[in-house]
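Worksheet: one structure, shown below.
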Amino acid sequence: SLEKRHKFWETQPVGQFKDIGDTSLPEGPIERPTTLSEVKQEPYNLPNLYEWVTCDINSEETCQEVYSLLANNYVEDDENMFRFNYSKEFLRWALQPPGYFRSWHIGVRVKSSKKLVAFITGVPARIRARDEVVNMAEINFLCVHKKLRSKRLAPVMIKEVTRRVHLENIWQAAYTAGVILPTPIATCQYWHRSLNPKKLIDVGFSRLGARMTMSRTIKLYKLPESTVTPGFRKMEIHDVPAVTRLLRKYLNDFVVAPDFDENDVEHWLLPKENVVDSYLVESPETHEITDFCSFYTLPSTILGNQNYSILKAAYSYYNVSTKTPLLQLMNDALIVAKRQDYDVFNALDVMQNESFLKELKFGPGDGKLHYYLYNYRIRRSLRPSELGLVLL
Ligand SMILES: CCCCCCCCCCCCCC(=O)CSCCNC(=O)CCNC(=O)[C@H](O)C(C)(C)COP(=O)(O)OP(=O)(O)OC[C@H]1O[C@@H](n2cnc3c(N)ncnc32)[C@H](O)[C@@H]1OP(=O)(O)O
Ligand SMILES: CN(C)Cc1n[nH]c2ccc(-c3ccc(F)cc3OCCn3ccnc3)cc12
């Protein structure tokens with residue numbers, strides 16, 4: 001990736017490959033904010049056939065169009081066997097956190113047919129980088145229809161969302177991608193824990209281990225019916241203040257992490273069926289909330305398999321252990337995920353996840369997830385364990 005030309009990214013206020021190792025460059029914003037009057041007032045030009053549209057994700061019809069565009073054209077794994085299948089209720093959750101801007105839900109339609117052919121989103125987030133809390137946009141769901149690829153549409157989408165974020169007086173952003181761009185602040189490995197090994201082997205997600213039979217494999221991944229931690233229960237609305245305290249204290253230890261308040265915790269971590277699950281440990285003696293774990297629901301479409309069409313996947317979200325060993329807490333998370341019929345439990349090696357991955361029988365995934373900040377330099381790239389941020 002060092003010899004590759006990044007004709008668009010070389011024009012952007014992001015860490016450039018040529019600057020890697022230059023410790024003379026100060027940490028923090030790369031460009032100063034402009035005045036709001038200096039921000040381009042009108043949208044960027046699209047090729048003639050296309051027009052911008054602001055997507056109201058609350059409209060059932062628009063949400064369906066966004067869902068279908070992503071379901072048919074969004075991220076696939078490296079072997080093109082799976083494609084993310086974000087549900088409509090997941091998209092409404094992901095795109096409407098406290099203080100969201102509808103204008104940051106940006107679509108491109110074909111003028112004649114009104115067909116939605118591209119999408120990009122931002123949501124506001126307070127992100128702490130070392131000791132500085134910065135108002136940022138979290139950018140996600142960048143998608144160009146398969147038939148419109150390699151026409152340099154993505155840079156226009158990116159410039160347009162940048163312009164609309166600038167109009168709200170926000171000058172930084174955070175995003176992740178499976179591709180290498182100028183310049184990752186961290187590179188994470190993802191891991192998978194089989195819950196339904198028979199299905200995973202049938203669809204080619206996993207392979208039968210050497211000298212392993214199917215029945216031996218099923219036994220290897222077997223989990224108890226019930227959780228083992230006393231006081232382990234679903235999070236409820238009245239737990240928001242305690243969970244916020246627990247999470248804020250925990251996230252303080254990381255170099256880059258969200259600065260969640262109670263409203264954020266209520267939105268991002270209160271259980272929502274088929275979207276996000278969260279559990280906590282309430283000490284039976286003191287009724288103190290001592291531990292927390294959560295995962296979100298992101299199925300993948302299985303491409304080209306006769307017997308199965310959907311892979312039901314849980315993704316580790318935010319976990320805090322102060323009394324219950326993290327290993328035990330996460331094993332309870334696996335137990336509830338298995339009980340709710342998930343096929344696989346995925347996790348990045350961020351935060352303290354590395355401490356449980358191997359022991360809980362996670363296997364390494366076949367790719368990496370790179371973390372990026374826009375218009376904010378971090379002195380040196382971070383270890384995954386220095387990251388306290390999970391993007392959807
Ligand atoms: C202050 C606020 C700031 C807000 C903005 C912050 C920045 C936010 C940045 C966005 C964060 C999104 C995060 C996110 O959503 C999570 S990452 C998931 C991205 N989406 C997918 O992978 C879905 C399937 N792929 C596609 O739809 C297309 O391939 C896309 C649209 C990805 C590229 O469409 P295309 O037809 O294949 O390509 P061209 O139009 O011809 O354009 C080629 C140029 O695009 C650069 N490219 C390729 N993939 C990229 C990616 N994932 N991020 C950024 N840039 C990406 C590429 O390096 C090249 O530039 P270069 O020549 O300089 O190398
Ligand atoms: C984060 N968010 C921005 C979506 C996103 N974009 N690009 C990605 C590349 C990898 C992962 C990822 C993150 C954690 C994980 F445990 C497995 C992953 O991908 C497995 C491979 N895969 C891709 C599609 N279907 C299966 C997410 C993403």
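Counting starts at 1 for both ligands and their atoms, in listed order.
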Side-chain heavy-atom pair Asp56, Arg102 within 4.5 angstrom cut-off: yes
Heavy-atom donor-acceptor pair, Gln328 side chain to Thr324 backbone, under 3.5 Å: no
Sub-4.0 Å heavy-atom approach of Asn73 to ligand 1: yes
Residue Lys7 vicinity, atoms of ligand 1 by number, heavy atom under 4.0 Å: 61 (P), 62 (O), 63 (O)
Short side-chain donor-acceptor distance under 3.5 Å, Ser37 and Thr35: yes
Residues Thr183 and Gln16: side-chain donor-acceptor under 3.5 angstrom: no
Numbered atoms and elements of ligand 1 in range of Ser150, under 4.0 angstrom, heavy atoms: 35 (P), 36 (O), 41 (O)
Close aromatic pair by centroid cut-off 6.0 Å: Phe205 and His192: yes
Atoms in ligand 1 flagged as close to Ala173, the criterion being non-hydrogen separation under 4.0 Å: 2 (C), 3 (C), 4 (C), 6 (C)
Flag, side chain of Asp239 to backbone of Glu236, donor-acceptor distance under 3.5 Å: yes
Test item: protein heavy atom less than 4.0 Å from atom 43 (C) of ligand 1: yes
N/O donor-acceptor pair under 3.5 Å between Glu76 side chain and Phe82 backbone: no
Minimum non-hydrogen distance to atom 32 (C) of ligand 1, winning option of Ile139, Leu392, Leu142, Val161: Leu142
Top protein contact for atom 5 (C) of ligand 1, by heavy-atom distance: Thr162 OG1, 3.4 Å
Min N/O separation Phe8 to ligand 1 under 3.5 Å: yes
For atom 27 (O) of ligand 1, closest protein heavy-atom neighbour: Val144 N, 2.9 Å
Ring centres under 6.0 angstrom apart (Phe292, Tyr318): no
Atom 47 (N) of ligand 1: nearest protein contact (heavy atom, Å): Leu181 CD2, 4.2 Å
Taking distance alone, no hydrogens or angles, what donor-acceptor pairs closer than 3.5 Å link side-chain atoms of residues 246-254 to residues at least two apart or in another chain?
unit_1 : atom_1 : unit_2 : atom_2 : d
Arg248 : NH1    : Asp259 : OD1    : 3.2
Arg248 : NH1    : Phe260 : O      : 2.6
Arg248 : NH2    : Asp259 : OD1    : 3.2
Tyr250 : OH     : Gln352 : OE1    : 2.8

Donor-acceptor pair between His370 and Thr187 side chains, under 3.5 angstrom: yes
Closest protein heavy atom (residue, atom, distance) for atom 55 (N) of ligand 1: Trp9 NE1, 3.2 Å
Atom indices of ligand 1, in the order listed, that fall short of 4.0 Å to a heavy atom of Gln172: 1 (C)
Contact check, side chains of Tyr371 and Cys188, non-hydrogen atoms, under 4.5 Å: yes
Heavy-atom neighbours of Arg207 CZ exceed 12 at 6.0 Å: no
Side chain, backbone, both or neither: Tyr175 near ligand 1, heavy atoms under 4.0 Å: side chain
Protein residue, atom and distance nearest to atom 45 (O) of ligand 1, heavy-atom basis: Ala154 CB, 3.8 Å
Numbered atoms of ligand 1 (with element) below 4.0 Å of Val165, judged on heavy atoms: 2 (C)
Interfacing atoms of ligand 1 (cut-off 4.0 Å, heavy-atom, Leu153): 40 (O)
Set of residues satisfying salt bridge (Lys or Arg N to Asp or Glu O under 4.0 Å) with respect to Arg128, sequence neighbours excluded: none
Pairs under 3.5 Å, nitrogen or oxygen of ligand 2 with protein nitrogen or oxygen:
unit_1   : atom_1 : unit_2 : atom_2 : d
ligand 2 : 2 (N)  : Leu392 : O      : 2.8

What pairs of donor and acceptor atoms, side-chain ones from residues 295-305 against any protein atom, are under 3.5 angstrom apart with sequence neighbours left out?
unit_1 : atom_1 : unit_2 : atom_2 : d
Thr297 : OG1    : Tyr342 : OH     : 2.4
Asn305 : OD1    : Asn307 : N      : 2.8
Asn305 : OD1    : Tyr308 : N      : 2.9

Heavy atom of the protein closest to atom 6 (C) of ligand 1 (residue, atom name, distance): Tyr374 CD1, 3.6 Å
Atoms of ligand 1, numbered as shown, that sit under 4.0 Å from any heavy atom of Cys143: 27 (O)
Under-4.0 Å heavy-atom contact with ligand 1, by part of Tyr372 that carries it: neither
Short N or O distance, Gly178 and ligand 1, threshold 3.5 Å exclusive: no
Any side-chain donor near an acceptor of the partner, Tyr279 and Asp291, under 3.5 Å: no
Within-cut-off N or O pair, Arg152 and ligand 1, under 3.5 Å: yes
Nearest-neighbour protein heavy atom for atom 64 (O) of ligand 1, which is reported as residue plus atom name and distance: His6 ND1, 2.6 Å
Polar atom proximity, Arg5 to ligand 1 (N or O, under 3.5 Å): no
Nearest neighbour in protein (non-hydrogen) for atom 17 (S) of ligand 1: Thr176 O, 3.4 Å
Per-atom contacts, ligand 1 versus Lys151 - under 4.0 Å to a heavy atom: 41 (O)
Spacing of Glu168 atom CD and Arg163 atom CZ [to the nearest 0.5 Å]: 11.0 Å
Proximity of Phe362 and Phe356 rings by center, below 6.0 Å: yes
Donor-acceptor pair between Gln172 and Tyr374 side chains, under 3.5 angstrom: no
